There are 2 protein chains.
Amino acid sequence: MWADQSEVIPEVVILRLPLYARTLAVLAYEGRELVSSQELGERLHVTPAQIRKDLSYFGRFGKQGRGYNVRRLLQELRQILGLDREWVMALIGVGRLGRAILGYSGFAPEGFRVSAAFDLDAGEVGKRIGPLVVQHVNELAEAVQRLGIRIGIVAVPASAAQRVVDILVNAGVRAILNYAPADLRVPSDVLVREIDPVTALQSLTYYLKLQPTEQLVPLQMLSAPGLFRTEP
Amino acid sequence: MWADQSEVIPEVVILRLPLYARTLAVLAYEGRELVSSQELGERLHVTPAQIRKDLSYFGRFGKQGRGYNVRRLLQELRQILGLDREWVMALIGVGRLGRAILGYSGFAPEGFRVSAAFDLDAGEVGKRIGPLVVQHVNELAEAVQRLGIRIGIVAVPASAAQRVVDILVNAGVRAILNYAPADLRVPSDVLVREIDPVTALQSLTYYLKLQPTEQLVPLQMLSAPGLFRTEP
DNA sequence: TTCTGTGAACGGATTCACAGCA
DNA sequence: TGCTGTGAATCCGTTCACAGAA
């Protein structure tokens, strides 16, 4: 386990690093200088051993007996994840969802910038949305080169998603954030992350269905023993 | 492995079932009568063995030598997941993100209904958004009981998310869809699903950073050898 | 013959437990 | 003494491989 990252690092580890970074940012904001893997783990619902093991793939950032320097570790993680620069993205699909994404204020502070907006429908082309003018997807490849777009955000209906993804891949984009509820086919060197609230809900309901209705009783009632009895 | 679900089913399995259901719905729409685990797996980027194993937790839905009846299996999965009914949800936070969620048309067709909207800010209370009138979170517990709300959607800033979650949990809500980039503390019987595009992007960049820039060259160019040379 | 259902084998991620350093 | 870093042990999900049904 050395910092040269010569061996392949499990993807689950990479998926956790942004969460570590987020919590470290909060701790830094709170003015904390040191954290132990113990405390970081408690905040994140992750075991201390897991955090230490994850970090050990990339180097030795802690001090025995003291813990990790919050600022230092945050800095290291940001560099490992490539968050120490700006990433240029393109949005495809300027319907209701697409417009909401363009209006989302959470990307910019983290260095993600939507620099161009496209649509399949010529009827949308030319419209202004904030600082952007909607372009036709035909113009995407050229824009990718000119603007240095590395990430595509897919916000078209599921039925059009594959078509849009093919266009992105052909334009050289290798990372896609997909809001369409569709199974996309991409080459093995293209990465896709799904944002799909409906699918997320559909697994929640499995567990809700198992819960007896009595558990719906609010905690206030349960904490007033004698007034309400839910079990003999 | 029997249909009585007496043993605990791995959560990853439950997370895959909605994806199976989604693809089966497409197949049903296409008029397909049967699918093999092979074909379903190809569509979903999942191995056939995995699909068969996953389904075997719940029963024996296939016919040897033929495959699965598309309509039948879809029906079974919808019942297993509890999708054969309507689920009532509450939205908390009616800022830009919250309003976008209220306007999202993807929930209703799948049986998820946002029946009430709340905000922490009294200044928002009373405003109409579509068919809903914004209420103060103080009124949440009562609404949960009256409307049968089982799921809470958190769309407030990260700094207010924990407060909102506590209110939901106290009101008896046991399932939360969290759009706030925050690590929430909930009792062990409360389920949370995160919707966090920024965190998703932050793991993508790790892999993008590793890619040599030459890979940015579009496929069209690579397929015209001689015209473009990117490396000596 | 084809494809399901499923124990058994496998592999990889998580957790353990402790050596080692501050 | 406190907490990291990390091989070893463990756990658990995935894949294998085949018996069995249509």
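Just so we're on the same page: letters track the sequence lines, and every chain starts at 1. Here the structure is a predicted model, which is why all the values come from computation and not from measurement.
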So, using side-chain hydrogen bond (donor to acceptor under 3.5 Å, both in side chains) as the criterion, who are the partners of A:Arg163 when residues are at least two apart? none
Mind checking side-chain hydrogen bond (donor to acceptor under 3.5 Å, both in side chains) for A:Gln38 and listing every partner two or more places apart, or none if nothing turns up? A:Glu42
Please list, by residue number, the residues of residues 14-37 of chain B whose heavy atoms come closer than 4.0 Å to an atom of DNA chain C; answer none if no residue qualifies.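 B:Ser36, B:Ser37, in order of number.
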Spacing between [X] atom [atom1] and [N] atom [atom2], to the nearest angstrom:
X: A:Glu39; N: D:dT4; atom1: CD; atom2: C1'; result: 16 Å
X: A:Asn69; N: D:dC3; atom1: CG; atom2: C1'; result: 15 Å
X: A:Tyr57; N: C:dG12; atom1: OH; atom2: P; result: 11 Å
X: A:Leu40; N: D:dC3; atom1: CG; atom2: C1'; result: 14 Å

Name all residues meeting the side-chain contact (heavy atoms from CB on, under 4.5 Å) criterion together with B:Pro181; count only those two or more places apart in sequence or in a different chain, and write none if there are none. A:Arg22, B:Ala158, B:Asp196
Residues two or more places apart in sequence or in another chain: which of them pass side-chain contact (heavy atoms from CB on, under 4.5 Å) with B:Arg43? B:Thr23, B:Val26, B:Leu27, B:Glu30, B:Glu39
How far does CD of A:Gln211 sit from CG of B:Asp189, to the nearest 0.5 angstrom? 6.5 Å
If the cut-off is 4.0 Å, is B:Tyr68 near the phosphate of C:dG5, judged by side-chain N/O to OP1 or OP2?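 Looking at the OP1 and OP2 atoms of C:dG5, one of them is under 4.0 Å from a side-chain N or O of B:Tyr68.
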Please figure out whether A:Glu11 or B:Gln38 has its closest DNA chain C nucleotide nearer the 5' end. B:Gln38
Distance-only donor-acceptor check, side chains [X] and [Y], under 3.5 Å:
X: B:Gln50; Y: B:Asp54; value: no
X: A:Arg193; Y: B:Ser203; value: yes
X: B:Asn178; Y: B:Glu194; value: yes

Annotated protein contacts, base or backbone, on nucleotides 15-22 of chain D with a non-hydrogen cut-off under 4.0 Å, one of B, S, - each: BBB--BBS
